[in-house]
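We name chains A, B, ... by the order of the sequence lines, and we start the count at 1 in each one.
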Amino acid sequence: MDRDGVAQHEPRGAACGDRAPPERRERGIRVARSAAHEASQSREGGERLVRSDASRSGRRQRDHPPFVEPGPAAGVGPPARRRRFIVFSSLQFSMADDKKLTTRAADFSAWYNEVVLRAELADYSPVRGCMVIRPNGYGIWERMQRTLDDMFKATGHQNAYFPLLIPQSYLAKEAEHVEGFAPEVAVVTHGGGKKLDEPLIIRPTSETIIYSMFAKWVQSYRDLPLLINQWANVVRWEMRTRLFLRTLEFLWQEGHTAHTTHDEAEEEARRMLGVYSDFMEGHMAMPVITGLKSNSERFAGALRTYSCEAMMQDNKALQAGTSHNLGQNFAKAFDLKFQAEHGGIEHAWNTSWGVSTRLIGGLVMTHADDNGLRTPPLLAPIELVIVPIYKTDDERAQMLEAADRVVEMLHDWERREPGRLRVHVDTRDGMKPGAKYYEWELRGVPLRMELGPRDLAKNEAVLVRRDTREKRPVSLNAIGEEVNELLMRIQDDMLIAARERREANSVRHTISYGDFKELMEGKGGFVYAGWCGGAECEAQIKEETKATIRVLPDEEFRSAEAPANCLKCGRPSTAEAVWARAY
RNA sequence: CGGGACGUAGCGCAGUCCGGUAGCGCACCUGAAUGGGGUUCAGGGGGUCGCGGGUUCGAAUCCCGCCGUCCCGACCA
């Protein structure tokens, strides 16, 4: 499978750092606060200070003293703004303000790295091309896993786990597959101090080991379909890496199924593509275009590859998930056969499909802005952060108490919608409210509640949306409904905004090849154009513009009027294609 | 693999040309004040100058070799 996904082998419960202690979880609200909060915080890391220059490489974690202790008043404040030059790519940008991110307009690539590092989603590891996924990033991944896993179960799949190490000879059994993957496979040659008789490869994907095992388990058509998923890590030795988008090791999920007929496998491949698309739009608020890959972009060993393609804010495409109809290629290579209902031995038909932690990169490049991350509520480890505002110790005590009451009210409301809200109260002292606002915005928490004496006197609180930064006072009487409604609206609005952005940067009218080249060299975007179906035209366009066919779009995405001629050669078009530069 | 930049405190950097025993900002610690959009002030701790060798009375600095990182390109399910 390809690199769209990532995974993790641990079942979701493990290491899930993003929530409060169990007792609190049972009530459905995750509250982290005061002493208990601090304790959980050191585990979670999810709520941790990011200070002004927490930037380019992660900052080490700190634990804060419980709020009852006098806070560090002194050293907290960053001083005046300072000029500084950072080198990203070969360009130099002067950052007038240390605290501000490089803007998307100034250097998209630098901006992306800064958001990932400063929002503490991930950090570089000592090994080139590898990264550490930090609690903030892993919390998002856990939410993705949880949702996807439920969707896989709902479509009849079961989880299993296959080993990391695979005999090297297995890879070679499917000709196209080995050709596609061999160059980027890591090989283990020694173990226990001795050279191995047969080297082992570290899985770049698990088709070979999984279908060899399927072959042992399947005898009859009654054993089919076999619908398996695994959450795992894989390794591909890439030349050039980027945080989340392309790393040597990544986490993903790979589904592998076996069926009695081609049509059933085809239906499965399409079904899982739909699951991905639903997840990306419904949970990530990231609209995608689905369709078939051209042969040159097809998975090594597959009959057909389907893909979900999303448009990032720099107008480049991101392949966000793929689903393959593998035909009988692997079944033949691994002797995966069954006795058919009416006699005779037949090879099974397989599918595989995957998404990876690359989705987190997609989330950042779809939603983050010049102030930092924006997380759709459904995937946010913290959905609502409460920032108490006060001057005196008395006021502080009052506000913290009020915050507790609000949490309780949310909890009461939640009895009707259990498990919905993930709330955090920011009790840190010695940090001004404004500083907290910036920090939570950088981290992408979708909704913030400001709670101060003036609000409380009116039995109100101020809610601030991360996506629009719109502020509005709300009565505490109906706080549960207000918060929930706003979160749902944020979720919806983020999808709408992303879809509008994509459409605004898509070209559907007939375009000359010259204009196309110019567009690809300039602002980019998705271009719907005709294609003669020839690999030569495709290759030449790639050569000359770096644009590739992202997909031959499914019907719902096609233009009202099918393009008549090939973008490159002008011969009659056999299919509409979406062209773009891609990650 | 080619091109570029770089490696000095947790982070970002200056110092290297012209050798003299390491500095700045942030972060961190202590105290006080402050607190509705990135707080002040005062005090304080922290460095095998990537690694190895050489030159020298003396090396972050000069010479040789190595390692590593990032960016651009090539490559890429």
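- Remark on RNA chain B: of its neighbouring residues A:Met239 and A:Gly434, the 5'-side contact belongs to A:Gly434, judged by nearest-heavy-atom nucleotide.
- A:Arg242 pairs by the salt bridge (Lys or Arg N to Asp or Glu O under 4.0 Å) definition with nothing, not counting sequence neighbours.
- Each of A:Val464 and A:Lys542 lies near RNA chain B, and the nucleotide nearest A:Val464 is the one positioned closer to the 5' end.
- Under 3.5 Å, the side chain of A:Lys471 and the base of B:G37 form at least one donor-acceptor pair of N or O atoms.
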- From CA spacing to verdict: side-chain contact (heavy atoms from CB on, under 4.5 Å), A:Glu207, A:His177: CA-CA 9 Å; A:Glu207 274 78 4; A:His177 192 62; 4.1 Å; yes
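- For A:Glu249 and A:Asn233, the side-chain atoms include at least one donor-acceptor pair closer than 3.5 Å.
- Remark: A:Glu309 engages A:Lys293, A:Arg550 in a salt bridge (Lys or Arg N to Asp or Glu O under 4.0 Å) (not counting sequence neighbours).
- If you check every strand for non-hydrogen atoms under 4.0 Å, A:Glu441 touches a base.
- Rounded to an integer number of Å, the gap from A:Lys391 NZ to B:A32 C1' is 19 Å.
- The side chain of A:Ala435 sits closest to B:G38 out of B:G35, B:G38, B:G37.
- For the pair A:Ile386 CD1 and B:G36 P, the computed distance is 19 Å after rounding to whole Å.
- Among the heavy atoms of the strands lying under 4.0 Å from A:Val462 is at least one base atom, whether or not backbone atoms are also near.
- Whole-Å rounding puts the A:Leu456 CG to B:G36 P distance at 17 Å.
- Within the nucleic acid shown, A:Glu395 has no heavy atom closer than 4.0 Å to any nucleic acid atom.
- Distance, A:Lys432 NZ to B:U40 C1': 9 Å, rounded to whole Å.
- Residue contacts shown for A:Arg242 are absent, as no nucleic acid heavy atom lies under 4.0 Å away.
- For A:Arg246 against B:C76, a side-chain-to-base donor-acceptor contact under 3.5 Å is present.
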